[in-house]
Amino acid sequence: MTIPASLVPLPPRSRSIAPGGRLLIVSNRLPMTMRVHRGTVEVQRSSGGLATGLHGVHSDTGGIWIGWPGLSTEQAGALWPEMQQSLSAAGAAGIPLSRHELDGFYSRFSNGALWPVLHDRVDHPAPDDDAWALYRAVNERYAEAVIERLRPGDRIWVHDYQLMLVPRLVRERCPHARIGFFLHTPFPDPLSFATLLHAGELLDGLLGADVIGFHTCAYARRFLQAVSDQLHRPIRGDDVLVGSRRIRVGAFPMGIDVASFDACAAEPEVRVEVQRLRGTRGVARMLGVDRLDYTKGISERLLAFERLLTRSPEWRGRVQLSQLAVPSREDVRAYRSLREHVEQVVNRINGAFARPGWTPVEYRYGSVDMTALVALYRAADVMLVTPIRDGMNLVAKEFVASRSDCRGALVLGERAGAAEELRSSLLVDPTDTDALVRSYHTALEMTTAEQRTRMRGLRHIVAGNDVFRWAAGFLETLDSRTARRRALALRLG
Ligand code: ADQ
């Protein structure tokens with residue numbers, strides 16, 4: 001099979017999202033978290049990238065967001081109906097999941113088996129039959145929730161690796177539905193993907209969609225190769241042929257809410273916090289901000305920092321690495337081990353090099369709000385975004401959007417999806433410790449003139465493709481692909 005060279009990112013045609021029908025968004029988690037407090041239900045809205053990007057089209061079209069509300073059925077207990085009512089008022093529908101289902105579907109299959117393979121790690125434990133059965137059953141539950149609410153003319157947009165069977169399950173029952181799917185992770189080498197038990201069923205699950213989107217052209221190409229190798233489906237240009245259907249596979253690089261970061265960076269509270277953070281003059285600040293995940297390269301980054309201090313004593317007392325790690329998937333063993341490992345390395349570096357008035361690594365395990373995050377980005381001289389593999393990595397884009405002062409240097413791992421766009425960062429192989437150390441030196445010694453030139457280039461790219469354009473671009477492609485079907489559905493009522 002020849003993979004077309006024409007898999008270029010599809011540029012969105014406009015900022016506005018065409019009124020192409022109601023949007024049913026389907027994601028593992030809802031953009032709000034429910035909590036039971038003193039016998040009543042509380043709803044907390046999330047401001048994550050996906051929620052921000054899709055908020056407009058969701059509310060403008062009277063859409064429904066379908067997903068898990070963050071509470072097991074055991075935790076919700078008798079309050080589940082009340083919770084569903086609050087969600088419904090907010091344009092959402094909650095999928096009830098028990099602790100057992102969450103353990104099998106989410107922790108063991110999605111995060112224990114599928115996530116590592118999608119990041120090209122083949123040393124993963126094989127999923128057990130029970131975990132796969134629960135993944136299937138929960139995907140069926142999501143599909144059922146979509147089918148129950150589907151009306152003629154609706155669009156369905158399914159998100160991410162937890163729900164790869166949903167497009168096929170909906171298609172089987174609703175052959176004329178208009179379905180898009182977006183994968184937020186990388187798509188790996190087809191041979192890595194083939195090591196996963198049930199790889200073929202997962203690929204086939206995705207082929208229920210009309211449009212399948214990835215962050216980069218490379219992921220889209222690998223997906224087409226996997227479909228050709230494993231399912232022997234014909235490929236024409238960027239399309240997969242399944243019977244009479246043509247499925248569009250394309251790159252839609254996700255952006256962030258650039259205007260919000262830019263505006264936040266100008267807030268007086270941020271300025272005050274930046275002054276405080278910069279503290280001691282003459283100490284350069286390096287920064288890492290990540291979910292605590294083994295794909296983010298946190299240990300490798302710390303080891304390179306240790307090597308910098310060991311081999312270049314002139315930096316001792318003159319540089320500090322601030323690492324912020326947001327807790328993640330603590331019920332999966334690999335994540336608990338990673339947390340212990342990172343803490344050990346931090347303690348070892350601080351134990352070996354700290355002196356009165358200077359701590360080499362400042363490590364924080366927790367989440368911060370947007371004001372604190374933007375202040376950290378603004379106070380940094382060097383931003384380290386060095387994942388081993390990453391679908392996109394929005395932190396790199398957030399850093400750039402926060403730097404209206406055009407200062408600071410970005411060290412970016414070449415295997416993050418963002419590296420396809422952010423070419424004027426300092427690109428580095430995140431697994432090569434010496435290369436990382438060299439990039440730290442280059443970043444720390446970069447002149448302000450060079451920082452400005454590079455940052456201008458980066459800001460141009462980030463501003464040109466924000467999260468609203470990303471959503472509009474994907475939905476416009478889905479609309480143009482399915483326009484005839486929509487017209488027919490509306491005529492037939
Ligand atoms: P993640 O791997 O979670 O998601 P990433 O792109 O790294 O996503 O973004 C993480 C988000 O969490 C950023 O918005 C960042 O600001 C925030 N964050 C991180 N640490 C934080 C902290 N301590 N406190 C507060 N906020 C923090 C997946 C894929 C990515 C892909 C995204 C979007 O793995 O590759 O970019 O989805 O598609």
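Order of listing sets the numbers, starting from 1, for every ligand and every atom in it.
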What residue and atom, counting heavy atoms only, is the protein's closest point to [atom], and at what distance?
| atom | value |
| --- | --- |
| atom 10 (C) of ligand 1 | Val395 CG2, 4.4 Å |
| atom 36 (O) of ligand 1 | Asn393 N, 2.9 Å |
| atom 25 (C) of ligand 1 | Val368 O, 3.3 Å |

Thinking salt bridges, do [X] and [Y] make one under a 4.0 Å N-O criterion?
| X | Y | result |
| --- | --- | --- |
| Arg336 | Glu340 | no |
| Asp210 | Arg171 | yes |
| Lys397 | Asp466 | no |
| Arg99 | Asp331 | no |
| Asp381 | Arg407 | no |

Below 4.0 angstrom from a heavy atom of [X], which ligand 1 atoms are there? Numbered from 1 as shown, please.
| X | answer |
| --- | --- |
| Gly391 | 35 (O) |
| Gly366 | 22 (C), 23 (N) |
| Leu324 | 22 (C), 23 (N) |
| Asp290 | 20 (N) |
| Leu373 | 16 (O) |
| Val289 | 19 (C), 20 (N), 21 (C) |
| Arg291 | 1 (P), 2 (O), 3 (O) |
| Asp390 | 30 (C), 34 (O), 35 (O) |

Notebook entry, point to check: Who's closest to atom 9 (O) of ligand 1 heavy-atom-wise, of Ile256, Leu394, Leu50, Val326?
Noted result: Leu394

Notebook entry, point to check: Out of Lys296, Glu398, His184, Lys397, whose heavy atom sits nearest atom 8 (O) of ligand 1?
Noted result: Lys296

Side chain, backbone, both or neither: which part of [X] comes within less than 4.0 Å of ligand 1 when only heavy atoms are counted?
| X | value |
| --- | --- |
| Arg364 | neither |
| Thr185 | neither |
| Tyr365 | neither |
| Met254 | side chain |

Margin query: Any nitrogen or oxygen of Met392 lying under 3.5 Å from a nitrogen or oxygen in ligand 1? Just yes or no.
Written below: yes

Checklist line | Side-chain touch Val138/Tyr106, heavy atoms, less than 4.5 angstrom | finding: no

Next item on the list: Would you mind telling me which of Asn28, Leu50, Val26 makes a side-chain contact (heavy atoms from CB on, under 4.5 Å) with His159?
Entry: Leu50

Quick check on the 6.0 Å ring-centre criterion: do [X] and [Y] meet it?
| X | Y | result |
| --- | --- | --- |
| Phe182 | Trp470 | yes |
| Phe399 | Phe261 | no |
| Tyr135 | Phe109 | yes |

Next item on the list: Take every heavy atom of Trp115, measure it against each atom of ligand 1, and state whether any distance is under 4.0 Å.
Entry: yes

Note to self: For a salt bridge (Lys or Arg N to Asp or Glu O under 4.0 Å) check, start with the C-alpha distance between Asp103 and Arg108, then their side-chain angles and the critical distance, and finish with the verdict.
What the structure shows: CA-CA 6 Å; Asp103 173 57; Arg108 286 189 285 135; 3.0 Å; yes

Notebook entry, point to check: Quick one: does atom 34 (O) of ligand 1 have a protein heavy atom under 4.0 Å from it?
Noted result: yes

Next item on the list: Flag atom 15 (C) of ligand 1 as yes if some protein heavy-atom distance to it falls below 4.0 Å, otherwise no.
Entry: yes

Notebook entry, point to check: Parallel, tilted or perpendicular for Phe187 and Phe193, by the 30°/60° rule?
Noted result: tilted

Notebook entry, point to check: Quick one: does Asn350's side chain have a donor or acceptor within less than 3.5 Å of a partner on Glu362's backbone?
Noted result: no

